[in-house]
Amino acid sequence: MTASEFSVNITDIALPNDYGVAKKDGLVIFIRGAVIGDRVTVKIGRENKRFAYGQITRIDVPSPYRIPPACPYFGSCGGCTLQQLQYDKQLEIKQRYLLENLSRIGGIRLESIETFPVKPSPELYFYRNKLELSFGERNGEVILGLRERMSPFKSYTASVISLNKCPVFSPVVEKIAPIIAKFAHFEGFTAFNPITKKGVLKHLVLRESKATGEIMVILETRAEALQGIENVIHQMKLHVPEVASVYHATNRKTNDIVHFERINRLFGARSIIEQISGLNLKVYPGTFFQPNSKGGALLYHEIAAQLNLKGNETILGLYCGTGPIEIFLANKARQIIGIDSEPANITTANENCKINQITNCTFHLSRAEDVLKKQVNLPKADVLVIDPPRTGLSKRGIDAVKKLAIPKVAYVSCNPATLARDLRELTGHGYTIHRIIPFDFFPHTGHLETLAILER
């Protein structure tokens with residue numbers, strides 16, 4: 001140990017990242033790769049007045065919760081962050097993270113509400129139904145993988161960690177990725193670089209039905225035309241029979257976000273079908289769908305159980321997307337109204353109703369913030385279901401919920417911080433939180449889903 005190194009005990013994990021937390025002479029130190037219970041030797045790589053980032057130079061005493069990660073790319077890949085931590089400990093840390101947010105940001109007195117332990121994911125690996133791979137270059141050749149993790153110790157270069165497998169998505173990656181990479185090399189395409197803003201190939205998006213095994217392939221590029229793509233389709237027909245459809249999407253933006261400006265179906269079906277609790281739900285290239293299909297089923301059943309529906313209720317769903325929650329609740333209520341601002345979501349929700357023979361659901365195109373305006377004629381609702389994006393409810397969205405004053409609310413959130421903020425607003429306007437029920441939709445990451453049940 002050098003003079004600039006010292007040994008510390010790791011007492012916590014700071015979510016949503018995987019930084020171990022230690023203290024030295026009153027200074028909080030965040031240490032990437034450290035596991036709660038470790039004793040490690042570190043050196044400070046970056047420091048300010050309130051905290052510092054440390055780098056591990058040696059693990060002195062490994063934590064009893066430390067396990068070998070299942071993925072060979074763990075640590076460098078920007079995907080999973082907690083694979084080296086026992087699963088029951090992951091759930092414990094997520095529970096604490098959620099409750100801390102509710103207390104600190106929401107000002108919620110936790111002793112006055114019923115909080116449940118985090119419900120584990122039905123599957124710990126191969127649970128994801130969607131994977132977004134980036135194109136990169138290494139030694140003059142195009143590769144496919146995930147962007148490197150950001151680090152407090154160096155500038156972000158957006159380099160891609162080449163992957164030929166992904167234990168949280170599907171074994172099919174091992175068959176599809178080499179076909180696409182070989183095509184890119186043979187045709188002379190270049191990978192898009194978000195730093196230089198140059199290159200043609202942006203992302204390969206794979207979607208899988210966990211019920212049927214069907215695969216949808218979406219190749220996103222900046223170019224309108226792709227010579228040689230017929231050979232890719234031919235190779236996938238020969239070697240990857242699970243592929244049910246292939247799309248080419250155009251995205252000319254110079255950021256690194258998946259975005260389909262134009263999309264063209266090259267082969268196969270327009271959609272794949274996912275099945276949840278007996279429902280057939282269509283998934284298109286741009287469909288938002290819970291990334292953990294079996295975890296989603298657990299959530300939907302819990303919503304129904306917690307709402308204690310009698311069959312005569314009117315339910316309003318805001319941010320309904322393609323309507324999976326609303327359609328799941330349809331046979332437990334009198335009528336359902338879903339609201340979403342994306343036209344494609346409304347179209348798909350109506351299709352999902354038709355193929356499942358659901359007749360008591362209607363879906364309207366509108367922003368949740370505009371739900372009280374005359375363009376949406378709403379009957380008086382008994383139950384409100386809210387499933388907003390990660391940013392939570394906007395101020396106008398909160399105002400709309402307050403004015404609706406619906407007696408019972410089920411709020412589904414993927415962000416404990418924005419959930420806590422919104423619950424603080426709602427509890428200040430006549431609502432009481434009855435139960436908080438978290439779900440682990442994202443094993444080996446710092447993220448979780450939460451259901452909050454409120455009444456007024």
- Query: Passes side chain to side chain contact (heavy atoms under 4.5 Å, CB included), L404 versus L316? Steps please.
  - Reply: CA-CA 10 Å; L404 285 167; L316 173 64; 3.9 Å; yes
Can you tell if the side chain of [X] reaches within under 4.5 Å of the side chain of [Y], non-hydrogen atoms only?
| X | Y | result |
| --- | --- | --- |
| L298 | P122 | yes |
| E100 | S103 | no |
| Y65 | Q84 | no |
| N101 | L419 | no |
| I161 | S76 | yes |
| L384 | V401 | yes |
| L451 | Y411 | no |
| R222 | N251 | no |

For a quick test of reading the model, state the closest non-hydrogen atom pair linking [X] to [Y] and the distance between them.
| X | Y | value |
| --- | --- | --- |
| A349 | G323 | CB-N, 4.2 Å |
| L365 | P343 | CD1-N, 3.5 Å |
| T11 | I36 | O-CD1, 3.3 Å |
| S271 | M216 | CA-CE, 3.8 Å |

- Query: After noting the C-alpha distance and the side-chain angles of N264 and Y247, does the key distance pass the side chain to side chain contact (heavy atoms under 4.5 Å, CB included) rule?
  - Reply: CA-CA 6 Å; N264 180 33; Y247 279 87; over 6 Å; no
Could you tell me if [Y] and [X] have a donor-acceptor pair between their side chains, going purely by distance under 3.5 Å?
| X | Y | result |
| --- | --- | --- |
| N345 | Y319 | no |
| E455 | T432 | no |
| N17 | T81 | no |
| S394 | E369 | yes |
| E123 | S121 | no |
| E208 | N129 | no |

Should [X] and [Y] count as an ion pair when the cut-off is N to O under 4.0 Å?
| X | Y | result |
| --- | --- | --- |
| D440 | K119 | no |
| K210 | E274 | no |
| D256 | R147 | yes |
| K354 | E351 | no |
| R334 | E313 | no |
| K395 | D399 | yes |
| D340 | R367 | no |
| K175 | E242 | yes |
| R96 | D12 | yes |

Count the heavy atoms of every other residue, nucleotide or ligand shown that sit under 6.0 Å from [atom1] of [X], and state whether that count exceeds 12.
| X | atom1 | answer |
| --- | --- | --- |
| K197 | NZ | yes |
| R262 | CZ | no |
| R456 | CZ | yes |
| E224 | CD | yes |

- Task: Please work out whether the ring planes of H444 and Y127 are parallel, tilted or perpendicular, with thresholds of 30° and 60°.
- Result: tilted
- Is the NZ or CZ atom of R128 both under 6.0 Å from the centre of the six-membered ring of F169 and within 45° of that ring's axis? no
- Message: For F328, does the six-membered ring have the charged nitrogen or CZ of K332 within the cation-pi criterion, i.e. under 6.0 angstrom from the centroid and within 45° of the normal?
- Response: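 Verdict for F328: a cation-pi partner in K332.
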- Between E449 and S413, does a side chain to side chain contact (heavy atoms under 4.5 Å, CB included) hold up when you go through it step by step? CA-CA 6 Å; E449 203 85 1; S413 170; over 6 Å; no
- Atom CD1 of I276 and atom OG of S293: how far apart are they, to the nearest 0.5 Å?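 It is 5.0 Å, given to the nearest 0.5 Å.
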- Trace of the side chain to side chain contact (heavy atoms under 4.5 Å, CB included) decision for F192 with E220: CA-CA 10 Å; F192 172 74; E220 184 201 54; over 6 Å; no
- Taking the six-membered ring for Trp and the full ring for Phe, Tyr or His, determine whether the centres of F189 and F135 are under 6.0 Å apart. no
